[in-house]
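Only a predicted model underlies this, so the values are computations on that prediction, with no experimental measurement involved. What you see below is based on every heavy atom in this structure, not just the backbone, and it leaves out hydrogens, waters and symmetry mates. Letters go in sequence order (proteins before strands), and every chain restarts at 1.
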Amino acid sequence: MTNQGSPSIKDGSKSQYVTNAELSDGSSPFEFTRAPDLAMLKRVMVGHGYSREALIKTGGLPSRDVRIDVDGMLTRTSEPTPFNVLARLFLLAGEVSTDDAGKAIAPLGVDALIDFGLLRAGSTLGTVRAICAIVTFGDVLILRDFEPHVTGASLKCDHVLGVGVSTILLANLTVRFGNERLLDIGTGQGFHALVASDHARAVVATDVNARALCFARTGGLMNECEHIDWRNGSLFEPVANEELFDVIVCNPPFVIAPPHDTVAIGGRHHGDDLCRTLIQSASKHLAKGGYATILFNWHHTTDEDWRERPKQWLEGVDADAFIIRFRTSSVEEYANGWLNESGQASSDLHAQGSAGNTSPLKDWLAYYTSIGAKRISLGVCIQRVRSQNQWPVISPMRRFDHYSLDSLEDAAGNQIQRLFYGEALRQLAARDADALLDTLITVTRDLEVDQQLTLTPEHAWGMKQATLKQTTGFPMHIGIDAVVMQFLTLCDGSRTLREITAELSKRFNAPLDQVVAQSKQLTQRLLSMGYVEEWPKRS
Amino acid sequence: MKREGTSEITHLGLTSAHALAGKATGPKGVPSGLPGVLSHVGYTTENLMKVGVLPSSGLAIGDPLPLWELLVRASGDGALEVLVRLFMLGQFESREAVTRALSPKDGPKVSVEQLEAAGLVIAIEIPGKIKAKVDSAIKANAGVRALAGLVPLGEQLVLRDFPRAITGQAPARDYVLAVGGASVLVAQLTPRAKAELALDLGTGQGFQAMQAAAHVKRVIATDVNHRALQLAATSCALSGITNVEFRFGSLYEPVAAEAGEFDLIVSNPPFVIAPPQDVIGYSDQSLSGHALVERVVRGAGKMLRAGGVCVLVANWAYAGDEARDRRWAAVPRRWLERESDTPCDAVIVHFGSYPARTYAFKWLEETGTPRSEISAERMARWMEYYETIGLEAVAFGALVLKRCSPGQTPIVHAESLDTPPKGHACGDVLLRTLAGVREVQTRLAISPETLGAWKPTLTKDAVLQRELVVGKGTWLATDIALTQRGGIPRRAMIDAVTADLLALLDGSRTVDDAGRRVARQHGVEGSGADAMARAREVVGGLAKLGYFEA
């Protein structure tokens, strides 16, 4: 899943945590007691070729993070084919004739969808319009609000955002065991819950925005996702005193902005308090061996090490933690980026946000000065609660890495698990030198060697360099030689490191103690870069 | 290097295009202490990238960041920050701060007055009328401003005009461009063999001439822009380069006396095809369409000695059937055919073609024209111009020409590269390509057996790239690609047999012999004739890509 996110506002701007009375007045846009066969609706739409790829082809959905070309798209979809009618209804917020709509959604009836609340009568007689957009990601259909630039209306406080860059990022950073209990905090349009329901045994998805939960729940029905428990409430409140979770994911509204500046970007929380609260609370809800993945923003001064603030937050947190920083911006760049890129949304916000007549940028910068922020970073905090018997805790892991957003190749969940295991084993080895030698070593099959050969003086191909790589996850490249290549072929889980070194010493006719020393060092390195799979000790 | 018609600097805050020439005393006046001071305070490519005022490529391409962001990055009172604001960002700095920055403790020193005398900076001038009334403290504190940007590029210091993003003003007629992507491309495509005499045609800020000066004894750099010549000469002086001679004039006119003597001609001409009076600096103002580039190409043969090489980047227009069938090489082929007295072998490299409208928009954007000025009317004017000159598509490419020896029939090799070369020199590879094409063509003209009897040597810069995965306790190659060390992104997928065949070609055995031998080693089925035919095919193909020693 390397797709760019939906158009609209940038990373992770969501509205779940706004305690605006309008948000949770309990009125649902949908009449679930009168829900039609929504799974059928999905089949009909897919049957008419309604897919992300087709919409991009029609020029409707931009493939990059830019705005929909509404006028161009309306022209290109003027012929009332079922696909065009669906695109006009569910992407362009257009009004279509009831007859055309009926043909596009048959065998479902227009009336049934009006009763349910998804469609409404249009402004002229004999037309209908949709109350929200439906977009596709792979096999999943997602309901979200139309963007302000599509409808021309201003952003409502309970606006439901689409699948953005940060949504996809979080999905790629999620650890997936299969058969897990998963918690999605601030689910919004429900993407993570819907994707996880495919392999999780139970999913709890929470949001403070009741409207978002209605959209997500409808998405669940359309995609036939079962065992998702949608709960209204803030942060961990809806799961207090609940059975623990194996996986927690959270893409919070992490934007650091002046209070009340916007409902869609950040919210009532001061500075990066929301992110701190989430990071400090998550592990209490994790089962042994469970992972929590939380995207977050944090601020720091120019001189302060970027690691410092999250490191302080984690003091006293009883879990291993791995923090990855993706980028750091000056507050000027950050504020300017948000104010520019949120476009319509932000211009609405300026009107609400700035009490005086000062420019919004000035307001934002003044706010950063008041909280002592000079730079703001985007990153992810991944935590794991160790299972004592399997991975004894010696000291909690605190690892800080930096990767650019583009360097992430597909899903990193398996690599992340290997990195946590690697750290635990390294700690064990640091205490007990034999522990490592007695471990069965399995290198991941998700690896590849890129080799360069050049001509030797004898005019034969000789290895010049070889780089070991993982094909998915973060780039963890190691330059290796022919001996290491032999070593790696022996790490198939059938031999302990002791047996591997004995074999290598034989093959290369090298002194055993030397091979052992070097192999230990190499294994440590492979562990710290996530090359080694967890493998039970041979009894 | 005298400049006619200098004008006064009339108000502050303006980088007058004429100011430097008016004030400067020429290279002789260059303050010899400045390079030492700059290096002492760390005004280097590496540090400026660290500060974030030079893109990581080291080049000022388009300067995509807004000025305020750059100013944030270079805020502070340190010597480096002050000089960055002065020389990279075109800001006024107080005389006092600049003086301090230019006289670091325990380091070399240079005075603001010396820079003023050299025309590198200019002081705020307080009009005579009020001069008497001004506080002496203000006089002492008055600011200075640089009259051109000074960019460290590796070992060299290159002067060029401040980009539009900084001055906020449309470029003047004698605007001097920064070292950009096209400049670097020319530098990469240029063979760097030791030589006697080189020409940099349309030198601009002098970058190509400065590169050539490192391996050519004597370099002549020409331009029709006096100010460019002035800046380039000053850059050479600041960089300690003494073997470049600057001449004013158009095309080959200033070097008519040296016709037939050049070992090397390099040129990054103003190749953008645009209506007259638009995109100053990028587009030639006197010739229409691609006429300028055509003249450079057609005139090169007469200027080069036999075996001499000419490298240039170019845009050329094409239309009709040629545009429809994407025959991007047809136009430069015609230029070359017309040249009969002094023929050249040629490599035509194509990096991509654009439809007229896309091309117009791309260049308006790349020349730093603000979006607000890319109006419908302006686009219409460009499109109208394109219609007049019969342009439907534009190719972006480069040409490497090599003057033929007497009696040789010229050959042309055309190649389209999806991605432009990067990072490394590739001129030698292109020359090897020409030699390979000539060798194979000559031999095949006689018979296939003649090709089979060739004893080629695989070049030392050939690289085999293999992707391996673990399978059944051993490593298996999933992909084998033949590439070249060097910047040309040529990549041929081959198999293990071909890889071994290539290793056998060390100049001691024939193509046929190597073909038979490798077939035996690998137990390949078929007759010896098959093996030889296959080897000839492989060698014939790879020779055209410069894989064999010339």
Side-chain angles (χ1 to χ4, degrees), chain A residues 302-303 328-337 340 361-362 365 368 374-375 404 442-471 480 482-495 500 503 507 531 533, chain B residues 51-52 56 64-76 455-486 491 494 496-509 514 518 521 547-549:
Chain A
T302 315
D303 305 328
T328 298
S329 324
S330 68
V331 287
E332 289 86 357
E333 191 182 355
Y334 183 88
N336 225 46
N340 285 337
L361 182 64
K362 270 193 182 158
L365 294 180
Y368 295 139
K374 283 272 170 45
R375 297 168 79 73
S404 73
T442 319
V443 293
T444 174
R445 259 180 278 174
D446 180 23
L447 60 71
E448 182 185 285
V449 168
D450 279 2
Q451 208 183 27
Q452 278 199 7
L453 300 97
T454 53
L455 289 173
T456 62
E458 297 76 41
H459 228 268
W461 292 114
M463 189 165 99
K464 178 142 181 291
Q465 62 178 57
T467 308
L468 182 63
K469 290 178 174 173
Q470 288 170 54
T471 52
I480 56 172
V483 182
V484 175
M485 287 183 70
Q486 289 279 325
F487 175 91
L488 291 168
T489 61
L490 295 169
C491 300
D492 61 358
S494 69
R495 301 174 184 85
I500 292 167
E503 174 65 25
R507 282 193 194 176
Y531 278 96
E533 299 273 2
Chain B
V51 176
S56 55
L65 288 169
L67 181 57
W68 60 261
E69 170 65 33
L70 296 170
L71 285 173
V72 166
R73 295 176 182 199
S75 57
K455 293 181 177 174
T457 308
L458 186 66
T459 59
K460 285 279 174 207
D461 57 9
V463 175
L464 214 52
Q465 288 182 344
R466 301 202 299 185
E467 274 179 31
L468 308 168
V469 295
V470 179
K472 293 185 182 146
T474 181
W475 291 97
L476 307 169
T478 51
D479 266 328
I480 308 178
L482 182 67
T483 64
Q484 270 157 337
R485 243 193 325 263
R491 193 179 162 86
I494 60 171
V497 182
T498 306
D500 286 347
L501 169 76
L502 292 172
L504 288 174
L505 296 172
D506 59 358
S508 75
R509 54 176 75 82
V518 78
Q521 278 172 15
Y547 277 104
F548 300 107
E549 298 291 352

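Taking A/Arg445, A/Gln486, A/Met485 one by one and counting their heavy-atom pairs under 4.5 Å with chain B, the maximum is reached by A/Met485. For the set A/Thr467, A/Thr454, A/Thr456, the count of heavy-atom pairs under 4.5 angstrom toward chain B peaks at A/Thr454.
Heavy atoms of B/Leu476 lying under 4.5 Å from chain A are absent altogether. Residue B/Ala481: no heavy atom, backbone or side chain, is found under 4.5 Å from chain A.
The CD atom of B/Glu467 sits 7.0 Å away from atom NZ of A/Lys469, with the distance rounded to the nearest 0.5 Å. Atoms CD and CG, from B/Gln465 and A/Leu453 in turn, are 9.5 Å apart once rounded to the nearest 0.5 Å.
In this structure the side chain of B/Leu468 reaches within 4.5 angstrom of the side chain of A/Gln451, judged on heavy atoms.
Scanning all heavy atoms of the two residues, the minimum distance from A/Thr489 to B/Thr474 falls at CG2-CA, 3.9 Å. Nearest heavy-atom pair across B/Ala503 and A/Ala460 is CB-CA, 4.3 Å. Across every non-hydrogen atom of A/His459 and B/Leu502, the tightest pair is CE1-O, 4.3 Å.
Only one option out of B/Leu458, B/Thr459, B/Leu464, B/Asp461 pairs with A/Leu455 in a side chain to side chain contact (heavy atoms under 4.5 Å, CB included); it is B/Leu458.
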